[in-house]
*Asks:* 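Please see the structure below; I have some questions.
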Amino acid sequence: MEERKLLHSFLAKSQDGLPPRRMKDSYIEVLLPLGSEPELREKYLTVQNTVRFGRILEDLDSLGVLICYMHNKIHSAKMSPLSIVTALVDKIDMCKKSLSPEQDIKFSGHVSWVGKTSMEVKMQMFQAGICKSTHP
């Protein structure tokens, strides 16, 4: 509990106390090596040898939270004083019905809008021949 109180001291007292941020400050790319790491691929396969889409959604959710933490990073603190959760996903666009378990997947994203108590993150997922975009 004492650690949590200490983290509270890192929070800005007002909007004026926040440093300016740009979208590129929170931009990240992450590779999911399904094609190049067979051991990892096994964790993403169904019994029909297709990619478990629910597992991909979990990864996108985790990436969205990571992007939010990157945007709010306080360099002088070891831990963030914030608790970040996904409230909703506005839209998922898919260009193809399924993902290939034989090819790597690249996720990317950044903060696209910020309010006083919420933020919007735009993420994309790329796989050769497949495009996907999410707006949590």
Side-chain angles (χ1 to χ4, degrees):
M1 192 62 151
E2 291 300 318
E3 187 175 86
R4 201 74 196 151
K5 287 180 185 176
L6 177 64
L7 288 174
H8 186 72
S9 68
F10 287 104
L11 294 173
K13 305 295 182 241
S14 71
Q15 293 286 93
D16 297 330
L18 297 172
R21 305 287 174 147
R22 301 166 296 186
M23 282 191 232
K24 72 178 188 176
D25 294 335
S26 63
Y27 182 79
I28 188 171
E29 290 183 359
V30 178
L31 186 68
L32 178 60
L34 293 183
S36 55
E37 291 188 22
E39 311 82 41
L40 179 65
R41 182 185 317 135
E42 289 297 318
K43 296 178 182 179
Y44 283 82
L45 292 180
T46 66
V47 293
Q48 292 88 17
N49 207 34
T50 59
V51 176
R52 291 176 53 207
F53 192 66
R55 188 77 181 247
I56 298 298
L57 291 175
E58 289 175 9
D59 290 345
L60 285 168
D61 183 52
S62 296
L63 180 63
V65 171
L66 175 63
I67 290 168
C68 291
Y69 277 118
M70 288 174 57
H71 180 81
N72 289 291
K73 182 150 180 65
I74 301 169
H75 296 285
S76 58
K78 290 182 182 179
M79 293 174 47
S80 176
L82 304 175
S83 295
I84 297 174
V85 298
T86 302
L88 65 96
V89 175
D90 284 338
K91 177 171 67 169
I92 298 177
D93 293 327
M94 292 186 64
C95 299
K96 198 171 177 185
K97 287 184 180 180
S98 62
L99 300 169
S100 169
E102 307 295 324
Q103 295 176 303
D104 294 348
I105 299 173
K106 181 176 92 171
F107 299 101
S108 64
H110 61 85
V111 171
S112 57
W113 177 86
V114 176
K116 287 187 177 185
T117 60
S118 61
M119 61 181 64
E120 178 182 88
V121 174
K122 180 167 179 144
M123 295 184 289
Q124 294 182 331
M125 184 172 94
F126 298 101
Q127 190 179 48
I130 298 173
C131 66
K132 190 178 309 280
S133 179
T134 64
H135 306 273

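Remember, it's a predicted structure, so these values are computed and weren't measured experimentally.
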*Asks:* Test side chain to side chain contact (heavy atoms under 4.5 Å, CB included) on Ser118 and Trp113 and set out the steps.
*Replies:* CA-CA 9 Å; Ser118 61; Trp113 177 86; 3.6 Å; yes
*Asks:* Who are the side-chain contact (heavy atoms from CB on, under 4.5 Å) partners of Val51, not counting sequence neighbours?
*Replies:* Leu34, Ile56, Leu99, Pro101
*Asks:* Once side-chain hydrogen bond (donor to acceptor under 3.5 Å, both in side chains) is applied, what residue pairs with a partner in residues 31-42 remain, sequence neighbours excluded?
*Replies:*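 side-chain hydrogen bond (donor to acceptor under 3.5 Å, both in side chains) check on residues 31-42 returns Ser36-Asp104.
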*Asks:* By side chain to side chain donor-acceptor pair (under 3.5 Å), which residues pair with Glu29, not counting sequence neighbours?
*Replies:* Tyr27
*Asks:* Check Asp25 against Arg22 and note the closest heavy-atom contact, atom names and distance.
*Replies:* OD2-N, 2.8 Å
*Asks:* Let's go through Gln127 and Ser100 carefully: what are the C-alpha distance in whole Å and the side-chain angles of both, what is the deciding distance for side chain to side chain contact (heavy atoms under 4.5 Å, CB included) to 0.1 Å, and is it a yes or a no?
*Replies:* CA-CA 8 Å; Gln127 190 179 48; Ser100 169; 4.0 Å; yes
*Asks:* Pair His71, Val121 - check side chain to side chain contact (heavy atoms under 4.5 Å, CB included), show working.
*Replies:* CA-CA 10 Å; His71 180 81; Val121 174; over 6 Å; no
*Asks:* Run the salt bridge (Lys or Arg N to Asp or Glu O under 4.0 Å) test against Lys73 and tell me which residues pass, sequence neighbours left out.
*Replies:* none
*Asks:* Of all residues at least two apart in sequence or in a different chain, which pass the side-chain contact (heavy atoms from CB on, under 4.5 Å) check with Leu66?
*Replies:*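 Leu66: side-chain contact (heavy atoms from CB on, under 4.5 Å) contacts with Ile28, Leu63, Met70.
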*Asks:* What do the steps show when you test Val111 against Asn72 for side chain to side chain contact (heavy atoms under 4.5 Å, CB included), and what is the final call?
*Replies:* CA-CA 10 Å; Val111 171; Asn72 289 291; over 6 Å; no
*Asks:* When rounded to the nearest 0.5 angstrom, what distance separates NZ in Lys122 from CD1 in Ile67?
*Replies:*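 One gets 12.0 Å once the value is rounded to the nearest 0.5 Å.
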*Asks:* Once side-chain contact (heavy atoms from CB on, under 4.5 Å) is applied, do any residues pair with Arg55, and if so which ones, sequence neighbours excluded?
*Replies:*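 For Arg55, the residues satisfying side-chain contact (heavy atoms from CB on, under 4.5 Å) (neighbours in sequence not counted) are Lys43, Tyr44, Arg52, Glu58.
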*Asks:* Working to the nearest 0.5 angstrom, can you tell me the gap between His110 NE2 and Glu120 CD?
*Replies:* 9.0 Å
*Asks:* State the CD1-CG distance between Ile105 and Leu31, to the nearest 0.5 angstrom.
*Replies:*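 Between atom CD1 of Ile105 and atom CG of Leu31 there are 9.0 Å.
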*Asks:* Do Val30 and Asp59 have side-chain heavy atoms sitting under 4.5 Å apart?
*Replies:* no
